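Worksheet for the structure shown next.
Given the structure is predicted, the values throughout are model-derived calculations rather than measurements. Just the heavy atoms: all of them, side chains too, but no hydrogens, waters or symmetry mates, feed the values below.
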Amino acid sequence: MTDLSKTPADAPGSGPMVKSEGVRKSYGLVEVLKGIDLEVKQSEVFCLVGPSGSGKSTFLRCINHLEKINGGRLWVDGEMVGYRQRGDKLYELKDREVALKRRDIGMVFQRFNLFPHMTAVENVMEAPVQVKRESRAEARERSMALLERVGLSDKSGNYPSQLSGGQQQRVAIARALAMKPKLMLFDEPTSALDPELVGEVLDVMRGLAEEGMTMIVVTHEMGFAREVGDALVFMDGGVVVESGNPREVLSNPQHERTRAFLSKVL
């Protein structure tokens, strides 16, 4: 039975974009998230950092219900993730309802997950045509504009195998933006890239931040977190160890676990 407290949600657009209260997640006997409490404000760039296995990516996947939580509550823009409340009881949403809500959340993974048999523009078009039933002409026009936005208008007819890793990741970002999300989740989007390709992806993310996109970024790029982030959380062992302004946390960490981690990555 999922342990869920009774806290009313904010109306859409009036409160935090993401609100997490006591979120827990286990795989069998292994508890990966041990009660996560945090809030992500509208238009905020929220960075999650920490060692591998600390629960960062799992928490990100819980936000769009790719992983079901075992305790606590999650809201996105005032709507509960994965459940509906009637009186004092919660009912899990059907897969179709979850999919409808997930359309508002874009996600960019470590691996690009592009369709290899589709060109760049076809990859970006696919979800608007299949999920939102946009006309192919409208979807193509908007997809071309998105590829231009990420600096790849000249690669629209290329297949993924003809693109570098950085270019593939930028196509993946354009594909996520094609659904007009209110929230973007980035799961270590540069970790699979060669070092010389990291900058081009981070530049696109900087542009999104400047446009006011709400973003949660799991990253090891501390320079990006310091420069672009509005808030930073350090996780370890499934708990939030330390949080605050990225520049303050990175330059003057208060917790020994944070200091030990940063000494290895800065």
Side-chain angles (χ1 to χ4, degrees), residues 2-25 32-50 54-85 90 92-93 97-98 100-108 176-177 179-187 189 205-206 208-219 224-235 238-250:
T2 303
D3 170 33
L4 297 149
S5 58
K6 303 175 185 178
T7 303
D10 296 290
S14 66
M17 178 59 76
V18 176
K19 186 175 183 178
S20 170
E21 290 187 350
V23 166
R24 295 180 176 273
K25 173 65 184 178
V32 179
L33 299 176
K34 303 175 182 178
I36 302 298
D37 297 306
L38 56 81
E39 288 190 5
V40 181
K41 299 174 184 175
Q42 306 270 349
S43 299
E44 189 170 53
V45 178
F46 192 96
C47 297
L48 288 173
V49 304
S54 59
K56 309 181 302 296
S57 294
T58 298
F59 179 70
L60 210 66
R61 292 171 64 85
C62 289
I63 292 172
N64 61 2
H65 209 55
L66 287 174
E67 299 284 357
K68 298 178 182 179
I69 63 176
N70 301 116
R73 283 193 182 187
L74 265 172
W75 291 270
V76 172
D77 199 20
E79 295 191 356
M80 199 180 305
V81 174
Y83 296 89
R84 177 185 295 109
Q85 184 164 346
L90 286 185
E92 189 168 359
L93 298 179
E97 295 174 288
V98 171
L100 282 172
K101 291 179 180 294
R102 196 178 283 147
R103 297 193 308 186
D104 292 331
I105 305 173
M107 187 159 186
V108 178
L177 293 173
M179 293 296 285
K180 302 178 182 177
K182 62 177 72 171
L183 169 67
M184 285 284 284
L185 309 177
F186 292 88
D187 188 7
M205 294 170 65
R206 285 187 186 93
L208 291 176
E210 290 168 1
E211 295 167 15
M213 173 64 73
T214 309
M215 300 159 58
I216 304 179
V217 185
V218 172
T219 185
F224 175 85
R226 180 187 289 108
E227 177 191 345
V228 183
D230 298 302
L232 181 143
V233 158
F234 171 68
M235 289 179 62
V239 300
V240 172
V241 176
E242 189 165 344
S243 62
N245 179 285
R247 287 154 290 286
E248 294 175 4
V249 174
L250 294 175

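In this structure the side chain of E92 reaches within 4.5 angstrom of the side chain of H65, judged on heavy atoms. In this structure the side chain of L177 reaches within 4.5 angstrom of the side chain of L208, judged on heavy atoms. By the 4.5 Å heavy-atom criterion applied to side chains, K41 and M17 are not counted as neighbours. With a 4.5 Å cut-off on side-chain heavy atoms, R84 and E97 count as touching. The shortest side-chain heavy-atom distance between L74 and F59 falls under the 4.5 Å cut-off. With a 4.5 Å cut-off on side-chain heavy atoms, F224 and R206 count as touching.
Rounding to the nearest 0.5 Å places CG of D104 at 4.5 Å from NZ of K182. Atoms CD and CG, on E21 and L38 in that order, are 10.5 Å from each other to the nearest 0.5 Å. For the atom pair CD of E227 and CZ of R247, the computed distance is 9.5 Å after rounding to the nearest 0.5 Å. Note that the SG atom of C62 and the CG atom of N70 stand 8.0 Å from one another [nearest 0.5 Å]. Rounded to the nearest 0.5 angstrom, L48 CG and L232 CG are separated by 8.0 Å.
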- Item | Verdict with reasoning, V240 to D37, per side chain to side chain contact (heavy atoms under 4.5 Å, CB included) | CA-CA 8 Å; V240 172; D37 297 306; over 6 Å; no
- Show your reasoning for whether side chain to side chain contact (heavy atoms under 4.5 Å, CB included) applies to I216 and L183. CA-CA 8 Å; I216 304 179; L183 169 67; 4.2 Å; yes
- Should V76 and K101 be marked as a side chain to side chain contact (heavy atoms under 4.5 Å, CB included) after you check the CA-CA gap, both sets of side-chain angles, and the distance that decides it? CA-CA 9 Å; V76 172; K101 291 179 180 294; over 6 Å; no
- Task: Applying side chain to side chain contact (heavy atoms under 4.5 Å, CB included), run through Q42 and D77 and close with a yes or a no.
- Result: CA-CA 9 Å; Q42 306 270 349; D77 199 20; 3.4 Å; yes
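The heavy-atom pair separating P181 from A176 by the smallest distance is CD-O, 3.5 Å. Of all the heavy atoms in V32 and G55, the pair that sits closest is CG1-CA, 4.0 Å. Between M107 and L66 the shortest heavy-atom distance is SD-CD1, 3.9 Å. Scanning all heavy atoms of the two residues, the minimum distance from V218 to S57 falls at CG1-OG, 4.3 Å. Of all heavy-atom pairs spanning P189 and M205, the tightest one is CG-SD, 3.8 Å. Across all their heavy atoms, M215 and A209 have their closest contact at SD-N, 3.8 Å.
A donor-acceptor pair under 3.5 Å links the side-chain atoms of K25 to the main chain of K68, judged by distance alone. Side chain of K56 to main chain of G50: a donor-acceptor pair is present (N/O by atom type, distance under 3.5 Å, no hydrogens or angles).
The side chain to side chain contact (heavy atoms under 4.5 Å, CB included) test with T58 is passed by exactly one of L33, I69, I36, V23: L33.
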